[in-house]
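Note that ligands are numbered from 1 as they come in the structure, with each ligand's atoms numbered from 1 the same way. Note: hydrogens, waters and symmetry copies are ignored here, and every other heavy atom, side chains too, is used.
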Amino acid sequence: MLTQPLRDEHAELLPHVEALRVAADAIGESSATELAAKVREAEEFLTGHLIPHAKAEDDALYPIIDTLLGAPGATRTMSLDHVEVGRQTRLLGEMKAKMASGVLTRPQENELRMVLYGLYVLVELHFHKEEEAYLPLLDQRLTQGDATRMFEAMEAAATKAKGV
Ligand SMILES: [Fe+2]
Ligand SMILES: [Fe+2]
């Protein structure tokens, strides 16, 4: 399948998405230190891996889907999912800072739980939509050359987004 590299990338990211749910489960169960470590790892994954992946899709994948569908703006709803992931990740960063300066209050714990479960559901569903609705279209319509160029452009965009 032409899109196998993208499916593989999702498969590599998915355990870290699952870890968001595990971190939410740990609230009120694990020690403050353990929970803080989980939140820190979650934020590092989101900012260091997931958001660059989303940026690469916005730059180099979704424009191709728009063209194949013959509908400019068709992927806008999916880009808005990426924007929401960014917003929730910033909230998580703020909560991480609060955790560093003391124990969370009960309302803060509830807010953290909501952000982590929310991100988990949002990202799982988003991956599912890409794999079910977009990747089959690419597999049917792209040539090997198109796919190679697309993956090179995605990699360049992700590297740029990671700032390395
Ligand atoms: Fe995406
Ligand atoms: Fe994706």
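Salt-bridge annotation for K38 and E41: absent, with no side-chain N of the basic residue lying under 4.0 Å from a carboxylate O of the acidic one. At a threshold of 4.0 Å, the pair R149-E152 does not count as salt-bridged, since none of the basic side-chain nitrogens sits closer than that to a carboxylate oxygen. A salt bridge is defined here as a Lys NZ or Arg NE, NH1 or NH2 lying under 4.0 Å from an Asp or Glu carboxylate O, and R7 with D139 meets this definition. Ionic pairing of K129 and D81 is present here: one or more N-O contacts between side-chain nitrogen and carboxylate oxygen are shorter than 4.0 angstrom.
Of all protein atoms, those of element N, O or S that lie under 2.8 Å from the Fe ion (ligand 2) number 4.
You'll find the ring centres of H82 and Y62 inside the 6.0 Å limit.
Across K98, M99, K96, a single residue satisfies side chain to side chain contact (heavy atoms under 4.5 Å, CB included) together with L112, and that is M99.
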